[in-house]
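What follows is a short report on a single structure.
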Amino acid sequence: MTDTVAQDAHPVALEGEPAITPELVREHNLNELEYDRIVAMLGRTPTFTELGIFSALWSEHCSYKHSKPVLKRFPTTGPRVVQGPGENAGVLRLPDGWAVAFKVESHNHPSAVEPYQGAATGVGGILRDVFTMGARPVALLNSLRFGPLDLPRNRFLMSGVVRGVGDYGNCIGVPTLGGEVGFADGYSGNPLVNAMCVGLLREKDLIRAKAEGVGNVLLAVGARTGRDGIHGASFASEELSAKSEARRPQVQVGDPFTEKLLLEASLELITSGLIVAIQDMGAAGLTSSSAEMAARGGVGVEIDTALVPTREAGMTAYEILLSESQERMLVVADPDNVAGIEAICAKWELNATPIGQVTDDGMYRVKHHGVVVAAIPGTPLVEDCPIYEPEARESRDAVARRKAVPRAARAPSLQDALPLLLDAPNLASKRWIFEQYDTTVRATTVLPPGGDAGVIMVPGASFGLAVTIDCNARLVALDPYEGGKAAVAEAARNIACTGAEPLGITDCLNFGNPEKPDVFFQFTEACRGISDACRAFSTPVTGGNVSFYNESPTGVVYPTPTVGMVGLLPDVARRVPSHFQLEQDRIFIAGTTHGQLGGSAYWAELLDFVGGTPPVVDLEAELALQRFLAAAASAGLLRSAHDCSEGGLAVTLAEAALGGPWSDAGFGATVDLRSHAPGLDLDALLFAEDGARVILSGDAAHSAELASLAQSFGVPLHDVGAVLAPGQELTFILPGQQLSWSMAALRTAYFDAIPRRME
Amino acid sequence: MLSIGVLRFPGINCEEETLRAAERVGAEAHYVWHRDTSLGGADVVVIPGGFSYGDYLRAGAIARFSPVMAAVRDHAAAGGPVLGICNGFQILCEAHLLPGALMRNHRLRYVSRPVRCIVEQTGTAFTSAYVHGQAIELPIAHGDGRYVADTDTLRMLEAEGRVVLRYASDADNPNGAMSNIAGIMNAGGTVVGIMPHPERATDPLVGSTDGAGFFISIADWYALRQPVSPTS
Amino acid sequence: MTFRVLVRVMPRQGLLDPQGQAVEHALSTLGYPPLQSVRVGRAIEIGMEAADAAEAEARARDMCERVLANPVMEDFHVSVEVS
Amino acid sequence: MTFRVLVRVMPRQGLLDPQGQAVEHALSTLGYPPLQSVRVGRAIEIGMEAADAAEAEARARDMCERVLANPVMEDFHVSVEVS
Ligand SMILES: Nc1ncnc2c1ncn2[C@@H]1O[C@H](COP(=O)(O)OP(=O)(O)O)[C@@H](O)[C@H]1O
Ligand SMILES: [Mg+2]
């Protein structure tokens with residue numbers, strides 16, 4: 001007894017370990033304030049192992065030290081919220097005892113170094129976050145950003161990332177239901193790879209990652225531990241530079257086959273009732289999983305790293321604690337259940353190895369071959385990292401950019417503008433990408449990628465689930481607050497277009513270096529925008545992820561707060577596709593066009609001008625539109641509904657006519673815009689990106705009913721034209737002129753834009 | 001009652017929907033674990049899609065050695081119907097229950113999309129519900145679907161009418177398969193392997209029911225081989 | 001004795017080898033002088049105990065015939081080093 | 001002169017090699033005596049014209065560094081035969 005006390009006071013520094021010097025502390029990304037707090041907490045100098053533990057748990061990635069106070073302002077409650085932020089994934093209540101668990105996670109830095117493995121392991125991590133809640137993953141989404149495709153390096157990154165995302169999710173057997181891809185200079189050298197997973201569970205089967213029960217056993221389940229990705233968490237918390245290149249952690253290699261076994265074994269363990277808690281060994285591996293589980297349970301843990309199965313001989317406690325080897329789980333269970341757990345794991349050809357236990361003294365204690373190498377008060381370790389709220393100040397250029405106007409002289413003709421926009425990778429079809437993802441496995445895909453939100457059905461239930469992920473980063477760059485609102489509003493419109501009701505969001509906040517005032521301004525303002533929109537829509541934030549330091553010598557990313565949203569279709573049979581379905585159907589514009597071109601794709605892609613004041617997001621109008629769409633869909637009045645976003649009315653109308661990704665031909669259409677928004681310049685009328693607008697089509701016989709329904713929701717509805725037979729042209733009748741395009745030409749521009757650049 | 005056994009290898013991931021599709025035609029359907037040595041009384045065996053053993057080394061190369069495959073061999077030898085879908089097709093080729101092999105797609109990319117196919121052989125337990133030459137659209141999702149075989153084998157397959165399913169045209173061929181072959185059968189017509197996924201096209205909600213015929217055929221096959229009982 | 005067995009599994013001559021073509025194309029776009037041929041296959045390194053090189057090679061060939069190579073589409077080549 | 005260049009690209013030591021693991025597992029279930037290690041990589045056969053073996057090898061190494069191998073994850077080995 002006195003023995004352990006003595007040991008706790010002075011964990012042993014193993015020989016061969018470096019001495020604790022200011023340089024070493026700095027290499028661990030800990031500043032003086034943080035180091036002093038560590039010494040004060042311990043009442044002594046930390047051992048090398050302890051320093052490693054703190055560097056992981058107090059990294060930006062694990063501690064959220066620059067974002068906590070801001071994230072606290074998100075709305076996180078609501079009648080459907082079963083689990084809000086703080087767990088591996090958020091959980092919302094669905095009908096008939098079902099619940100949905102979902103989360104988005106970034107893997108930007110690893111993907112910049114090794115696109116294939118970086119993206120693949122990103123998908124692996126988000127899958128584990130979801131199935132450790134007891135949910136079976138049923139849908140994947142991904143949000144990607146790269147530099148322009150005319151640079152070979154960016155093409156290399158995109159093809160590697162897409163193959164990585166695809167190979168991993170395809171192997172597990174989870175359909176990809178949607179995503180987004182964007183291109184801009186700032187992403188050269190700083191690609192963004194955000195992966196989102198959606199899982200289904202019976203609400204009663206929900207399990208939380210909370211270590212409980214003094215004397216319970218900790219087991220390592222799954223892959224062996226290697227030297228992969230040591231310091232990954234702190235690596236992800238600094239700018240990419242020559243220095244970070246040198247300190248680059250060993251690449252983590254994904255093994256989707258083992259992940260699939262881990263998925264089946266974990267769900268079987270959870271339903272078996274043999275385990276108390278289960279957590280992914282993700283960023284900062286064993287360290288963060290064990291420390292966070294203990295802190296959540298308010299208990300201590302004791303681990304002997306020598307018991308952890310390793311891939312290589314002679315690994316130190318430090319390496320074993322910080323390894324980010326993939327496909328590993330930490331499980332807490334009653335000692336009496338260990339045999340049963342080992343049996344289930346053996347069935348799935350996995351090992352389950354006891355490595356420690358839950359203790360009553362609140363200490364985070366690590367031994368190596370019985371020798372104590374770390375003894376840290378558990379809760380302070382996880383919770384006492386200094387929190388920073390740095391200065392937030394908008395840069396002068398940002399203000400100036402909003403005031404600027406383009407030199408209109410350079411504008412192409414309206415006739416040329418549409419095909420040029422459809423050929424821009426930012427707006428073009430992403431088929432080249434999602435065709436590499438299995439979109440139909442599980443045979444539940446009701447609406448695949450290629451439209452607005454994806455929709456899946458639930459065998460045995462009548463409801464459906466709509467999922468999407470969206471962010472127009474250009475708008476956020478120009479006006480972080482409105483841009484944050486716009487990201488939520490677009491996601492909600494995508495959901496609503498299918499006929500579903502938006503339920504809640506998860507967010508992935510990709511920004512630059514938060515210690516720079518203009519970056520932190522973008523961050524706080526974007527979050528304020530997201531919060532206000534989520535309040536207005538009653539779509540709580542159930543979790544998410546922050547990725548700072550997306551900067552490199554080549555530049556900094558646009559502020560990119562991607563919003564992942566799930567929605568509920570009460571009757572999945574009523575889902576609405578986004579493309580025209582039948583000739584002679586009427587075409588409607590729901591919503592109002594104000595003609596605000598600020599931040600538009602038209603200016604960015606065709607005038608090479610990123611600037612102006614983006615449209616103000618009218619949250620009332622958005623909400624009215626969402627409710628109208630749900631009502632119209634359930635009344636069966638809609639044949640198609642497509643969100644109007646990048647490219648404005650012209651591109652959205654064209655997309656609806658172009659047809660789905662695998663159709664042989666779309667439809668023609670004639671659209672009369674003369675009385676839609678009188679007095680606007682034609683380019684503003686066609687290409688402005690005002691929100692709260694969708695393009696609808698429906699049977700002429702329902703027009704009157706649809707109009708009165710729109711009126712009852714206060715949604716302006718304009719009957720602007722008709723769907724024509726396949727092979728017919730797309731025609732816009734405008735004040736003073738008429739424009740026509742052959743659909744074949746538009747389809748070539750739209751569908752070949754990305755393949756043409758990639759092959 | 002018709003009993004359908006759906007094999008379950010580590011890494012397989014289409015077993016749930018395959019089981020559902022089998023049940024939809026009124027069959028009793030059950031999983032058969034890869035370590036089992038019996039098929040649990042299955043009249044028909046379906047090897048579903050996925051990534052058995054991660055498709056490491058070669059798709060199907062490792063699953064082929066699982067204990068259950070001995071039982072599948074005996075079942076096939078006794079004339080019992082076996083359907084391999086996607087990875088199941090690859091396993092059947094690796095196990096030499098079907099000739100040829102499935103190699104990396106010619107564009108070196110995984111491809112997931114609907115493809116047009118022609119049913120060219122309706123004399124099997126899995127395709128009798130279609131009419132000869134019928135065009136159907138089925139989802140595919142694979143990285144190793146390029147069917148290859150030596151010229152003699154190809155000639156034999158064509159001569160004996162053993163090409164069960166063919167991509168409708170060169171343009172519809174998603175993987176560079178020789179002779180646009182999407183599915184074949186063994187000499188007896190009892191063992192069939194196809195790359196497309198009929199189990200993903202058996203419900204109007206998911207866009208198509210063109211695949212339902214594969215499972216309806218199984219039910220028809222069973223009904224015909226059963227003496228009609230006087231009570232019914 | 002411990003041996004290092006190097007196995008090379010290559011696509012059959014005459015069979016389309018898209019990977020080889022892709023590599024050849026990549027190399028030519030990088031400006032290398034034209035090549036006669038490029039083929040891409042699998043390399044497998046096995047460390048094994050055996051009485052002598054002959055036994056090691058025999059066992060490796062057996063592995064190739066049974067698992068490591070698919071005779072329908074692949075040829076294999078085995079070489080043995082003492083390690 | 002025409003040379004046959006054999007390139008072996010293998011996963012770095014220490015990196016996880018799922019393929020190698022799977023093959024090792026398969027071979028052991030097939031009843032082969034336990035193996036020290038199995039690693040799976042790529043084998044690339046290049047037929048090229050060069051003045052001499054040294055030039056052929058130098059060019060092949062250059063190709064490896066630029067395209068054939070991924071420096072972040074793989075090591076390569078080059079050998080040259082006269083053909
Ligand atoms: N990386 C991706 N993975 C899967 N699907 C994608 C990806 N990028 C785009 N998509 C799909 O392409 C379609 C169009 O995408 P996008 O232009 O972002 O639509 P929107 O602007 O309406 O959000 C959507 O169905 C989307 O899900
Ligand atoms: Mg949309």
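Values in this document were obtained by computation on a predicted structure and should not be read as measured data. Proteins come first, then strands; the chains are lettered A, B, ... in the order of their sequence lines, and each starts at number 1.
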Here's a test: name every donor-acceptor pair under 3.5 Å between chain A and chain B, with the distance for each.
from     : atom 1 : to       : atom 2 : distance (Å)
A:Asn170 : O      : B:Asn13  : ND2    : 3.3
A:Cys171 : O      : B:Asn13  : ND2    : 3.0
A:Asp255 : OD1    : B:Tyr56  : OH     : 2.6
A:Glu349 : OE2    : B:Arg35  : NH2    : 3.3
A:Glu435 : O      : B:Ser112 : N      : 2.7
A:Tyr437 : O      : B:Ser112 : OG     : 3.2
A:Asp438 : OD1    : B:Arg200 : NH1    : 2.9
A:Asp438 : OD2    : B:Tyr110 : OH     : 3.3
A:Asp438 : OD2    : B:Arg200 : NH1    : 3.3
A:Asp438 : OD2    : B:Arg200 : NH2    : 3.2
A:Thr439 : N      : B:Ser112 : OG     : 3.2
A:Thr439 : OG1    : B:Ser112 : OG     : 3.3
A:Thr440 : OG1    : B:Arg200 : NH1    : 2.8
A:Arg442 : N      : B:Glu17  : OE2    : 2.6
A:Arg442 : O      : B:Arg20  : NH2    : 3.0
A:Ala443 : O      : B:Arg20  : NH2    : 3.4
A:Arg575 : NH2    : B:Leu205 : O      : 3.4
A:Glu759 : OE2    : B:Arg109 : NH1    : 3.0
A:Glu759 : OE2    : B:Arg109 : NH2    : 3.0

Check side-chain contact (heavy atoms from CB on, under 4.5 Å) between A:Ala119 and all other residues, then give those that pass, not counting sequence neighbours.
A:Ser111, A:Val161, A:Val165, A:Val193
Heavy-atom cut-off 4.5 Å, strictly under: side chain, backbone, both or neither for A:Leu263 against chain B?
neither
As an exercise: rank A:Val174, A:Val455, A:Val446, A:Val441 by heavy-atom pairs under 4.5 Å with chain B and give me the winner.
A:Val441
Quick check on A:Pro459 against chain B: is it the side chain, the backbone, both or neither that has a heavy atom closer than 4.5 Å?
side chain
Quick check for you: among B:Ile140, B:Ile12, B:Val111, which has the greatest number of heavy-atom pairs under 4.5 Å with chain A?
B:Val111
For A:Ala352, check side-chain contact (heavy atoms from CB on, under 4.5 Å) against everything at least two apart and list the hits.
A:Leu219, A:Val221, A:Ile341, A:Glu342, A:Cys345
What residues, two or more places apart in sequence or in another chain, satisfy side-chain contact (heavy atoms from CB on, under 4.5 Å) together with A:Phe156?
A:Pro115, A:Arg153
So CD1 of A:Ile456 and CG of B:Leu205: to nearest 0.5 Å the spacing works out to 12.5 Å
If you tally heavy-atom pairs under 4.5 Å between each of A:Gly464, A:Pro256, A:Ala443 and chain B, the highest tally belongs to A:Ala443
Looking at B:Gly54 and A:Cys171, what are the two nearest heavy atoms and their distance?
CA-SG, 4.4 Å
Who among B:Gly50, B:Cys14, B:Pro10 has the most heavy-atom pairs with chain A under 4.5 Å?
B:Pro10
